[in-house]
Trainee: 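Have a look at this one.
In listed order, ligands and their atoms are each counted from 1. What you are looking at is a predicted structure, and each value in this text was computed from that prediction instead of being measured.
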Amino acid sequence: MAMAIFTSFWILLVAANLSGGRAQTVQMDSTKSGFVGAQVELRCLFVNSNPPVKISQVTWQKFVNGTKQNVAIANPTMGVSVLAPFKERVAFKQPAVRHRTPSLEDTTITFSNLRLSDEAAYICEYTTFPAGNRENMVNLTVFAQPVTRLTLTAPIIVARPQKHRMTVATCVSANGKPPSVITWETRLKGEATFQETHNANGTVTVHSSYTVVPTRDAHKQKLTCTVTYRKEKITESVVLNVQYEPEVFIEGFDGNWYLNRQNVQLTCMADANPPVTVYQWRLLNGSLPNVEIRNNSLFFKGPVTYDLAGTYVCDATNSVGTRSGQVEVNVTEYPNNPPPGGRDNPQEPQNPGAAIGGAVGGVALLGVAAGLLFVFLRRRQHTFKGDYSTKKHAFGNGYSKAGAGGAPPHPALPKSPQYPDDSDDEKKPPQIAPAAFEGGERDSEDTKRPYFTVEEAERREYDGRTLSFQYEPDAEITDDMVSQTDGSVISKKEWYV
Ligand SMILES: *[C@@H]1O[C@H](CO)[C@@H](O)[C@H](O)[C@H]1NC(C)=O
Ligand SMILES: *[C@@H]1O[C@H](CO)[C@@H](O)[C@H](O)[C@H]1NC(C)=O
Ligand SMILES: *[C@@H]1O[C@H](CO)[C@@H](O)[C@H](O)[C@H]1NC(C)=O
Ligand SMILES: *[C@@H]1O[C@H](CO)[C@@H](O)[C@H](O)[C@H]1NC(C)=O
Ligand SMILES: *[C@@H]1O[C@H](CO)[C@@H](O)[C@H](O)[C@H]1NC(C)=O
Ligand SMILES: *[C@@H]1O[C@H](CO)[C@@H](O)[C@H](O)[C@H]1NC(C)=O
């Protein structure tokens, strides 16, 4: 089959050659192309297998819309002529064409500074004697490199709550021939629209817009436009700058704010573009407790108390708007999960004496310490009459008050509002006492109580009696006292008042 086709094709060629007497042919490229402004060579060769043949003239013609226009003529006697609109841009390549006795076998022309309007078919025609006219044709295509440009619609986009779609970027491939193809690449969810404009000069402008709903998520996202022009790929990228209201949340509440915990704070965190300029703190249905506000943080002064509980709101403002974050703070009596390292432990001993007590952890030892403390306080009383500690219980009550009042147990604890000035009523029994003592007859109970008031101790010494300090730790603690982790003991009554 293939053989048959080949054979018949060959026979046709030979037949044509013989019948037309075509020993002479004009050889040209069938197509040629060049860019605007560039230069091309349009080849034209006269091939003669049967000399002698006289070439009378060679004529180059532009063939467009069915009409022919002379471009250049080479005549062996008259010379060379390049016609009007091509004069500056068309020339015969071989110098021999212009010689006095020219050689016209190669009448290739160079076509420089191409224009779009040069796109046409070009005919190279040989007039010979005696063979007659021989001609061939080349189709010249002129390309125009497009100008590609990717632009953001606006340098800054503001994300509005309405969530309207908007065009954020435009990719244009202008005045290209042939037309380009535009594609987009991005992680943003959006839509591309395309539009082609055909110019009079044959070029095409391709225009594509990318539309998204501008949100916080779109901020800093990259958009890449790829323009495919012939086999060439041109890519350009832009990064979106989306401004949005602050996205606010409050850090610092770990759900474990217990009484006496120290150094608690809340921090208002906001993701915002542009950055937050104003942070404002509020407590819902209340006024802020004793806090220090520094930048976006709320530092609570002093240990945690029940007064801190509530819903804290932070209003963060940037140029786009104001948004709030809130946290509901509740305060518990004890830690949820006492940290193993005890780093945040409010019960941590605050002075060396208590530290030793805590380390040994023996309640009996505490009794000894209490005894020593008692003596110490008594001595102080001698030196500084009317001192605040005068009538406090040396053990138990005083401590429990301190504990409940929001500070770690400390023998030299300073003023506590619940304590009246002792100088007011020297004779009054201690205001708060464990149930065992309350209402009891002081003198008869003296030796059984686990504590004495300083006043009592002093009175005893003044009476000349030997101070007998009786203490039954286990029994007393199970009845009335709550053991603290640092080894101190406080009154149950105090805790549950
Ligand atoms: C070719 O013909 C078309 C209409 O027939 C016309 O619009 C166009 O301008 C012509 N081109 C040239 C180069 O003359
Ligand atoms: C060259 O152009 C002519 C007319 O414009 C057309 O008829 C012909 O098919 C083209 N030839 C090639 C090889 O493209
Ligand atoms: C083609 O036409 C467009 C629109 O008029 C023009 O901007 C562009 O420069 C032209 N291109 C060439 C190569 O002349
Ligand atoms: C305290 O707040 C935490 C965290 O918000 C919550 O899990 C817990 O149930 C609250 N406790 C009480 C008693 O409200
Ligand atoms: C706060 O007060 C408002 C009215 O002023 C009331 O509607 C709201 O229930 C209160 N919220 C709390 C948690 O008490
Ligand atoms: C508060 O902000 C300023 C400026 O940004 C900074 O220098 C300073 O360290 C901040 N203070 C605190 C307590 O974070």
Trainee: Restricting to salt bridge (charged side-chain N to carboxylate O under 4.0 Å, His left out), what partner residues turn up for R89, sequence neighbours left out?
Mentor: D118

Trainee: Considering both backbone and side-chain atoms of N199, is one of its nitrogen or oxygen atoms within less than 3.5 Å of a nitrogen or oxygen in ligand 3?
Mentor: no

Trainee: What does the list of residues with a heavy atom under 4.0 Å from ligand 2 look like, ordered by chain and number?
Mentor: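 For ligand 2, the contacting residues are T31, N139.
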
Trainee: Which ligand 3 atoms, with their elements, are less than 4.0 angstrom from a heavy-atom of N175?
Mentor: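 Heavy-atom distances to N175 below 4.0 Å select 3 (C), 6 (C), 7 (O), 8 (C).
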
Trainee: Let's go through N48 and T128 carefully: what are the C-alpha distance in whole Å and the side-chain angles of both, what is the deciding distance for side-chain contact (heavy atoms from CB on, under 4.5 Å) to 0.1 Å, and is it a yes or a no?
Mentor: CA-CA 11 Å; N48 182 13; T128 67; over 6 Å; no

Trainee: Can you sort out the partners of T203 under side chain to side chain contact (heavy atoms under 4.5 Å, CB included), two or more places apart, ordered by chain and number?
Mentor: L116, A144, N175, K177, N199, N201

Trainee: For the pair D271 and R216, find out whether any cationic side-chain nitrogen is under 4.0 Å from an anionic carboxylate oxygen.
Mentor: yes

Trainee: Restricting to non-hydrogen atoms, name the atom on V26 and the atom on C44 that form the minimum distance, rounded to 0.1 Å.
Mentor: CG1-SG, 3.5 Å

Trainee: Which pair of non-hydrogen atoms, one from D254 and one from R261, has the smallest distance, and what is that distance?
Mentor: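 Heavy atoms of D254 and R261 come nearest at OD2-NH1, 2.9 Å.
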
Trainee: Tell me the side-chain hydrogen bond (donor to acceptor under 3.5 Å, both in side chains) pairs involving residues 138-152, sequence neighbours left out?
Mentor: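 Sorted result for residues 138-152: Q145-E232.
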
Trainee: Cationic tip of R282 within the cone over Y312's six-membered ring, i.e. under 6.0 Å and within 45° of the normal?
Mentor: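 Not satisfied by the 6.0 Å and 45° rule.
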
Trainee: Which ligand 3 atoms, with their elements, are less than 4.0 angstrom from a heavy-atom of L116?
Mentor: 11 (N), 12 (C), 13 (C), 14 (O)

Trainee: Can you list the ligand 3 atoms lying under 4.0 Å from a non-hydrogen atom of T203?
Mentor: 1 (C), 2 (O)

